[in-house]
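Heavy-atom basis, side chains included; hydrogens, waters and symmetry copies ignored. Atoms within each ligand, like the ligands themselves, are counted from 1 in listed order. Counting begins at 1 with the first residue of the sequence.
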Amino acid sequence: MSTIYLNGKLMPIEEACIPVLDRGFIFGDGVYELIPVYSRKLFRLHHHLHRLQHSFDGIRLMNPYSNAQWQDLLEQVIANNKTEDQSLYLHVTRGVAKRDHAFPQNTPPTVFVMSNPLLAPPQELLLSGVAAICAIDNRWIRCDIKAISLLPNVLLRQLAVDANAIETILIRDGFLTEGAASNIFVIKDKVLLAPPKNHLMLAGITYDVVLELAAENNIAYEVREISEDELRHADEILLTSSTKEIMAVTRLDDEQVGDGKPGAIFKQLHQLYQHYKATIMRGNTA
Ligand code: PDD
């Protein structure tokens, strides 16, 4: 049984209850974060808390805690759950109030944190790569906010599940934005291409790590708009997220990507990422 945090208290998940008038339930009015924990250490906590603040600012909700308070409560949740590697899900809504679209006055937010075991992607998928499909990005234009209202992402991701694929890669006005729940990189002629961070995609924490590793290891990269045509003619496609780490997309809409196998840049970045994680586990929580 997992232990969660709800509005100041730790409790078994089965005992946690939210009033039906919570604005998260009624309007999807809230923001979230997902932070990986390796060997009970928070991975890139300050980057995640910085992005959380950006999400709070984006929906005009006051951050209820300081970074030190967040760290303290997240560490309590980690300590009260069993596995060494965890994914921490933090969720803050605009609280409980009579249903009215306008913001309620003087209403405390609802703060919820849960932990799930964090499982590394299966070895066979790292070796084979995964399938993805493409779809039109029909989400709103504040995709930089990690909003809990994820209905478009849910519908888009399900298209992949229906097609026996792992992710839906999104195209807006002819250009790659990201995946339904991940960031996407393209490799062409040994250059790693990354779409620029803007309001049309979530600024992934794993995305940042990948670009840092590329810069430190002389992997050529460019941050620029990537056309659908470039995506479809890529030598390699990479998918990144806190839970999937780095994976190679080897099939796109039933076409082979490159030679249909995870490529050299995937292998190099995957190895560098594992090494970086191991450094974090040795004690550096930056
Ligand atoms: N999602 N883009 C979207 C739309 C995402 O939902 C995610 C992650 C990412 C990657 O961000 P990061 O590297 O910080 O995990 C990009 C998480 C894992 C989720 O919603 O479960």
Test: Lys188 and Glu236 ion pair at under 4.0 Å: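 Between Glu236 and Lys188 there is no salt bridge, as every charged N stays at least 4.0 Å from the carboxylate O atoms.
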Is the number of heavy atoms from other residues, nucleotides or ligands under 6.0 Å of Glu216 CD greater than 12?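 Enclosed.
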Ile141 atom CD1: more than 12 heavy-atom contacts under 6.0 Å: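 Open: at most 12 neighbouring heavy atoms sit under 6.0 Å from CD1 of Ile141.
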Centroid-centroid under 6.0 Å between Tyr89 and His91 rings: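 Yes.
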Would Phe112 and Tyr32 count as a close aromatic pair, with their ring centres under 6.0 Å?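 Judged by ring-centre distance (under 6.0 Å), Phe112 and Tyr32 do not meet the cut-off.
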Need the list: ligand 1 N/O atoms against protein N/O atoms, distance under 3.5 Å, rounded to one decimal.
| residue | atom | partner | partner atom | Å |
| --- | --- | --- | --- | --- |
| ligand 1 | 1 (N) | Lys146 | NZ | 3.3 |
| ligand 1 | 2 (N) | Glu178 | OE1 | 2.6 |
| ligand 1 | 13 (O) | Ile205 | N | 3.4 |
| ligand 1 | 13 (O) | Thr206 | N | 3.0 |
| ligand 1 | 13 (O) | Thr206 | OG1 | 2.5 |
| ligand 1 | 14 (O) | Arg51 | NH1 | 2.8 |
| ligand 1 | 14 (O) | Arg51 | NH2 | 3.1 |
| ligand 1 | 14 (O) | Ile205 | N | 2.9 |
| ligand 1 | 15 (O) | Ser242 | N | 2.8 |
| ligand 1 | 15 (O) | Ser242 | OG | 2.6 |
| ligand 1 | 20 (O) | Tyr32 | OH | 2.6 |

Is the terminal nitrogen or CZ of Arg94 (NZ for Lys, CZ for Arg) located under 6.0 angstrom from the six-membered ring centre of Phe103 and within 45° of that ring's axis?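 The answer is yes, since Arg94 meets both limits relative to Phe103.
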